[in-house]
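Reminder, nothing fancy here: chain letters follow the sequence lines and each chain counts from 1.
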There are 4 protein chains.
Amino acid sequence: MNLKNFFKELTESESAAVSMTEKQISIMSAAIEIFAEKGYSATTTSEIAKRAGVGEGTIFHHYKTKKDLLLAIPDYLSKSPGQKGLMDELLRIFERPYERFEDFLRDIAYNRRDFVAKNIPLIKVLIQEIALQPELREKASVTVLFPAMEKFSRAIERFQARGQIIDIPSVSVSKLIFTSLFGYFFTLYIAAFAFSGDREQDLEYLIGYILHGLGIADTSVNHDPETGGAVL
Amino acid sequence: MNLKNFFKELTESESAAVSMTEKQISIMSAAIEIFAEKGYSATTTSEIAKRAGVGEGTIFHHYKTKKDLLLAIPDYLSKSPGQKGLMDELLRIFERPYERFEDFLRDIAYNRRDFVAKNIPLIKVLIQEIALQPELREKASVTVLFPAMEKFSRAIERFQARGQIIDIPSVSVSKLIFTSLFGYFFTLYIAAFAFSGDREQDLEYLIGYILHGLGIADTSVNHDPETGGAVL
Amino acid sequence: MNLKNFFKELTESESAAVSMTEKQISIMSAAIEIFAEKGYSATTTSEIAKRAGVGEGTIFHHYKTKKDLLLAIPDYLSKSPGQKGLMDELLRIFERPYERFEDFLRDIAYNRRDFVAKNIPLIKVLIQEIALQPELREKASVTVLFPAMEKFSRAIERFQARGQIIDIPSVSVSKLIFTSLFGYFFTLYIAAFAFSGDREQDLEYLIGYILHGLGIADTSVNHDPETGGAVL
Amino acid sequence: MNLKNFFKELTESESAAVSMTEKQISIMSAAIEIFAEKGYSATTTSEIAKRAGVGEGTIFHHYKTKKDLLLAIPDYLSKSPGQKGLMDELLRIFERPYERFEDFLRDIAYNRRDFVAKNIPLIKVLIQEIALQPELREKASVTVLFPAMEKFSRAIERFQARGQIIDIPSVSVSKLIFTSLFGYFFTLYIAAFAFSGDREQDLEYLIGYILHGLGIADTSVNHDPETGGAVL
DNA sequence: TATGAATGAGGCTTCATTCAT
DNA sequence: AATGAATGAAGCCTCATTCAT
């Protein structure tokens, strides 16, 4: 988990973005789309070629194997012109000096909501295949997840220092927020459960719920793992 | 979403469990294991046969196609002798008359933790393929998810009636709890992100966080969707 | 081509007919039906079992292999109670002392028409598989075709002796009549070409045409193979 | 049954012939050969590939399924360079202005004899599978049989107009000649009955027999369907 | 005798990858 | 660089046959 490497890669990636030919981009886009629809394994290179509007052989000029195509997706997160800054925005939020934790949280929530909503296929593929392909999990963890979590924890600590949120390990707080948001977006956008209800309203409930859950306010409810009591 | 049908199916399923031959069970188990490891599509029927210790033809004697094998998994949740009551326990918790919301929540959390920890492959397959196969999503929603959510909401309402938790639509509360727990278990057990930290401790943080998030206590932080303010 | 063997077989077969159990008959019938519909090779033993209303294993108690089932069909021509005398009637016509060739021919034509019309599946299978399976061709030739052709030729010779039909080798006459009738019945009943027209009328045309073609009457049209002239 | 369409198809087919690659031709040839030997259903695509000298996958590159390979055979009748004019010659005979019916008939007989003798596998497959596969029967009827029969009947009518052959419906005459020749060639070349005798001589007998059978000459033998008397 | 669960050899078909153009 | 014909390994599935009941 080396931040320097991460940024070097990001930078390199952006310059690399320039070198992505139009054909490469259409191959990548087609691949992500179809991977998301049917899964990596059930996707045919010939179908990718067809949807990308190129010959089958062309794919193999740019990506030595079908697997390379999959492993190139994390790079695409930062490379592609249209996608540039997909993660950057979030990282910038993490660094921005917010007055109130609530504003910070709300920006994150809506930023990720927009990100997810606009990149369902990409995210779907990543989550699906991260659970199946160790190489991809490794790559995604090192280049995206861990660096982001680290920055996130730093931000959390600033709010803790100012006494705005509960004082448990910042990493645990990061995980609570991360998994809450993740669970919300996943069930809604990826698993696509047909939950009824107003999504906008539900997201606000979620924000309030997180704020509350991490708030300092009430300490009457707490629990000790040893005794079975509440801990917060 | 008809509860009566749901229970009829559960009951029928259990009697059906008796009719599952030893060979069928070993096929099903092997299939779930390998599906979880490599995904449905990348799994070979010959590998399933090998691990199940049966001839490849035998698989097709019991399940007409490979896909049927996948679609039979939800039934297996209630059918298989060893797995019987996987969902029943949770449903029983939903119906038990708890004094305190905290006890109710904790029972759920630990019950699901145990369930997930003991059935990682099964859950992994279901989640993976629910996102890819509409038939499976439909089947799982109708036979497992929706009935459970309904019962869950009923329980929530009982606590709300007693003023123990916040008074927003019970369905929204259900979803908040569900997605929080789901996000926690998913990132840990399914996506298998190598988050560091003490899982036991983290689960307690999560319980406290949910309790807090849904508590009545502090209303100083709130938000209105219209004005952008906090709502809780 | 041994007539004695032929009759011995026929006789044995008839006694054997008694030993055909009800199940055997239903297997045989089902087999012939489906063989006729889809061809021997494309027919499944399981489908035969299903249509015969027996278990799959039962077939193999009576016929060691699927091929044995096919090779047993010629026997069935004489064995089966309902089918008994399928060929006998024809052979009896060959032996009956007709006054006029025309009556002889007409009896043959209508007898075969009835035979074919009532046994399309049986005939279809035999013709189909005779062209593919040397063993079957051999068996059918020796037990059915050649003996019948021999008797037929003897009958022809009697008419030739009385000057009623043209005096070319009796075997050649047999073949002319046989192939004419065969061609007529085959195109109509086996290949099932959707020729329009009145079949009854066409059969009468055919009879008149054969009579004429073999008649003594007109010798103005004739041809010599050497010189290229007509020969009749 | 539209002659114009028929010729358009023939013409298109011939130009299409040019587009048949060398590999396609060798696949088609191999397929026809083996289909004829063992029947369509008993033939293995791997055996076709081996005999054609191509990879098994190559077959499916040109014909989507094994069945498509079968259904492509009628087209091959007109397409293939070597086979071009297989039917054309016959059709040309039908249109040629013969003086005498005998010459017309003899040309047909020998032309078809040559055709059959040189294309036994092709014909065997077609006849076999026409009786089993409705699609093929339909295709062969519409593209080959019916158009040919129509032209044939026109020719017959010209001879009838000149009083050279008997005056029954020209279609019935066509069928008589067709089925006679068909029966002769089928029993000899396709069913491959081991009839003894001089084939050349027998063909001449057949020609004379047909001539006689259709001749005007002797009307003493005739029959009325109603009364049971001869009709010619 | 009758059955049908079990089997594995083998069939059709798919597909990632190569390579000549 | 781009293509698509060609390929063979491998996958899913079928099926005749066996065998324990």
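Rounded to whole Å, the distance from NZ on K23(B) to C1' on dC19(F) is 12 Å. Rounded to an integer number of Å, the gap from Y63(A) OH to dA1(F) C1' is 15 Å. Atom CD of Q24(B) and atom P of dG4(E) are 16 Å apart (whole Å). If you take NZ of K50(C) and P of dT3(E), they are 14 Å apart, rounded to a whole angstrom. Taking atom CG of residue L70(B) and atom P of nucleotide dG11(F), one finds them 18 Å apart after rounding to whole Å. Rounded to a whole Å, the CD1 atom of I27(C) is 12 Å from the C1' atom of dT3(E). Rounded to an integer number of Å, the gap from CG of D68(D) to C1' of dT13(E) is 12 Å. Remark: P of dG11(E) and CG of L69(D) are 16 Å apart, rounded to the nearest angstrom.
Closest approach of K139(B) to P74(B), counting heavy atoms only: CD-CG, 4.2 Å. A pairwise comparison of heavy atoms in I130(C) and L136(C) identifies N-CD2, 3.9 Å as the closest pair. Considering every non-hydrogen atom in both T45(D) and I59(D), the closest pair reads O-CD1, 3.4 Å. The minimum heavy-atom distance linking F35(C) with V125(C) is given by the pair CB-CG2, 3.5 Å.
Although no hydrogens or angles enter the test, the distance criterion places a donor-acceptor pair under 3.5 Å between the side chain of T43(C) and the main chain of G39(C). In this structure, the side chain of S29(D) engages the main chain of I25(D) through a donor-acceptor pair within 3.5 Å. Proximity of a side-chain donor or acceptor of Q128(D) to a complementary backbone N or O of Q128(C) within less than 3.5 Å is detected.
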**OP:** Report the secondary structure of DNA chain F in dot-bracket form, marking unpaired bases with a dot and bases paired to a different strand with |, and treating Watson-Crick or G-U pairs with both distances under 3.5 Å as paired.
**Re:** .||||||||||||||||||||

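Of the charged side-chain nitrogens involved, at least one lies within less than 4.0 Å of a carboxylate oxygen, so that E135(B) and K67(B) count as a salt-bridged pair. Between E37(C) and R51(C) there is a salt bridge, since a side-chain N of the basic residue sits under 4.0 Å from a carboxylate O of the acidic one.
Within the structure, a side-chain polar atom (N or O) of H61(D) is placed less than 4.0 Å from OP1 or OP2 of dA5(F).
No side-chain donor-acceptor contact under 3.5 Å links S46(D) and E56(D).
The stretch residues 29-38 of chain C has no heavy atom under 4.0 angstrom from DNA chain E at all.
A cation-pi contact, defined as under 6.0 Å to the ring centre and within 45° of the axis, links K66(D) to Y40(D).
Mapping V54(B) and I59(C) onto DNA chain E by nearest heavy atom places I59(C) closer to the 5' end of the strand.
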**OP:** Summarise how protein sits on nucleotides 12-17 of chain F as a single string, 5' to 3': B when a protein heavy atom is under 4.0 Å from the base, S for sugar-phosphate-only contact, - for no contact.
**Re:** BBBSBB

